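Everything on this sheet refers to the single structure shown next.
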Amino acid sequence: MANTYVRVKGIVKKDNKYLVIKRWVDDRIPDPFVWEFIDTEVNHGEAPDDAMLRAIHEILSIDGKIEKIEYTWSNMLADTHCIGIAYICSIEAEEEHNIVLPEEFGEYQWVTRAQIDEYVENQFVLQDLKGKAL
């Protein structure tokens, strides 16, 4: 049976830097954390914009704002189809000191566009970002 789901990705931008977060994936490997942007699956009946704002709040413990849709993507894995929307988002500068990450996230960093490749390992994301000015 074929399955389809929608994911949203939040590329949080501040000045000329982007927020990456270190998420725990598996403690059975030498480096159990991966750097990524904020993302989540859209719940059944939930609007993608609402899911993005929910994810920012759940992961950073502060509210965010959607600035624009940067790109969309679509991937197939066996009989599962993932459709995604990547947003450029922002947070209020005065709220940054209120960021509290959940336990499954190790830390966050603000990185330049040139540094994203040094942090984010997901080749699908890096391919999607090629040619994007952000």
Side-chain angles (χ1 to χ4, degrees):
M1 171 179 245
N3 299 306
T4 301
Y5 69 98
V6 179
R7 288 195 74 79
V8 291
K9 178 179 312 308
I11 303 171
V12 179
K13 184 176 183 181
K14 176 182 78 171
D15 301 321
N16 288 320
K17 294 201 173 183
Y18 304 90
L19 182 74
V20 290
I21 53 176
K22 202 172 194 181
R23 180 176 60 89
W24 176 83
V25 289
D26 189 342
D27 62 2
R28 297 170 292 174
I29 58 178
D31 187 3
F33 289 93
V34 296
W35 289 100
E36 61 185 24
F37 296 113
I38 293 172
D39 77 341
T40 194
E41 190 169 328
V42 177
N43 294 323
H44 180 75
E46 184 178 33
D49 290 6
D50 292 342
M52 185 72 269
L53 295 174
R54 171 181 53 79
I56 291 171
H57 186 77
E58 287 176 355
I59 294 170
L60 301 181
S61 302
I62 60 173
D63 293 328
K65 179 181 175 188
I66 294 172
E67 300 296 336
K68 66 177 183 169
I69 293 174
E70 183 64 22
Y71 64 91
T72 62
W73 77 90
S74 176
N75 293 325
M76 291 293 300
L77 182 59
D79 67 346
T80 300
H81 183 200
C82 174
I83 299 168
I85 304 168
Y87 295 91
I88 298 294
C89 301
S90 62
I91 59 172
E92 295 292 331
E94 60 272 6
E95 287 293 312
E96 185 178 347
H97 69 277
N98 292 326
I99 291 175
V100 178
L101 298 175
E103 189 175 297
E104 65 267 23
F105 295 93
E107 61 182 294
Y108 68 91
Q109 293 286 330
W110 290 99
V111 300
T112 64
R113 175 66 177 93
Q115 292 173 307
I116 290 174
D117 290 3
E118 298 170 27
Y119 284 83
V120 176
E121 297 176 22
N122 184 317
Q123 294 303 306
F124 290 118
V125 172
L126 294 177
Q127 184 64 36
D128 289 341
L129 291 175
K130 279 191 177 174
K132 302 279 190 270
L134 299 182

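All values derive from a computational prediction rather than experimental measurement.
- In this structure, the side chains of Lys132 and Glu70 come closer than 4.5 Å at one or more pairs of heavy atoms.
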Worked check of side-chain contact (heavy atoms from CB on, under 4.5 Å) between Tyr5 and Asn3: CA-CA 7 Å; Tyr5 69 98; Asn3 299 306; 5.9 Å; no

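- Asn122 contributes a side-chain N or O that, together with a main-chain N or O of Phe124, makes up a donor-acceptor pair within less than 3.5 Å.
- In this structure, Ile66 is not a member of the same hydrophobic cluster as Tyr18, with clusters built from ILVMFWY side-chain heavy atoms closer than 4.5 Å.
- Counting heavy atoms from C-beta on, the side chains of Ile116 and Leu126 come closer than 4.5 Å.
- You'll find the side chain of Phe105 stays beyond 4.5 Å of the side chain of Ile38, heavy atoms only.
- In this structure, Glu92 places its CD atom where only 12 or fewer heavy-atom neighbours from other residues, nucleotides or ligands lie under 6.0 Å away.
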Phe37/Leu129 under side-chain contact (heavy atoms from CB on, under 4.5 Å): CA gap, chis, key distance, verdict: CA-CA 12 Å; Phe37 296 113; Leu129 291 175; 3.9 Å; yes

Check against side-chain contact (heavy atoms from CB on, under 4.5 Å), Lys9 and Val125: CA-CA 10 Å; Lys9 178 179 312 308; Val125 172; 3.8 Å; yes

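- At a cut-off of 3.5 Å, with distance as the only test, no side-chain donor of Trp35 or Gln109 sits close to an acceptor on the other residue.
- Interatomic distance, CG of Asp39 versus CZ of Arg7, reported as 4.0 Å (0.5 Å rounding).
- Residues Asp63 and Leu53 have side chains not in contact (no heavy-atom distance under 4.5 Å, counting atoms from C-beta outward).
- Using a 4.5 Å cut-off between side-chain heavy atoms of Ile, Leu, Val, Met, Phe, Trp and Tyr, with links allowed through other members, Trp110 and Ile62 fall into the same hydrophobic cluster.
- The backbone N or O of Thr112 lies less than 3.5 Å from a partner atom in the side chain of Gln115, making a donor-acceptor pair.
- Linking Ile, Leu, Val, Met, Phe, Trp and Tyr residues whenever their side-chain heavy atoms come within less than 4.5 Å places Val6 and Ile59 in a single cluster.
- Summarising the geometry, atom CZ belonging to Arg54 is positioned 4.5 Å from atom CG belonging to Asn43; distances are rounded to the nearest 0.5 Å.
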Test log, rule side-chain contact (heavy atoms from CB on, under 4.5 Å), inputs Ile85 and Met52: CA-CA 9 Å; Ile85 304 168; Met52 185 72 269; over 6 Å; no

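- Atom CG of Asp49 sits about 9.0 Å away from atom SG of Cys89, to the nearest 0.5 Å.
- Distance OG/Ser90 to NZ/Lys14: 12.0 Å, rounded to 0.5 Å.
- At a threshold of 4.5 Å between side-chain heavy atoms, the hydrophobic network of Ile, Leu, Val, Met, Phe, Trp and Tyr places Ile88 and Leu19 in two separate groups.
- When side chains are defined from C-beta on, Ile99 counts as touching Ile91, because their heavy atoms get closer than 4.5 Å.
- Under the 4.5 Å side-chain criterion, counting only non-hydrogen atoms from C-beta, Leu101 is in contact with Leu60.
- Annotation: side chain of Ile21 is in contact with side chain of Glu36 (closest heavy-atom distance under 4.5 Å).
- When atom types are taken as modelled, the side chain of Gln123 and the backbone of Glu121 share a donor-acceptor pair closer than 3.5 angstrom.
- In the displayed structure, Lys65 atom NZ is contacted under 6.0 Å by at most 12 heavy atoms of other residues, nucleotides or ligands.
- The two residues Glu46 and Val42 make their nearest non-hydrogen contact at O-CG1, 3.2 Å.
- The shortest heavy-atom contact between Phe33 and Gly106 is CE2-N, 3.7 Å.
- Taken to the nearest 0.5 Å, the CD atom of Glu96 stands 10.0 Å off from the CG atom of Asn98.
- Both Val20 and Tyr71 are assigned to one and the same hydrophobic cluster, defined by single-linkage of ILVMFWY side chains at heavy-atom distances under 4.5 Å.
- The distance from the CG atom of Asp128 to the CH2 atom of Trp73 is 7.0 Å, given to the nearest 0.5 Å.
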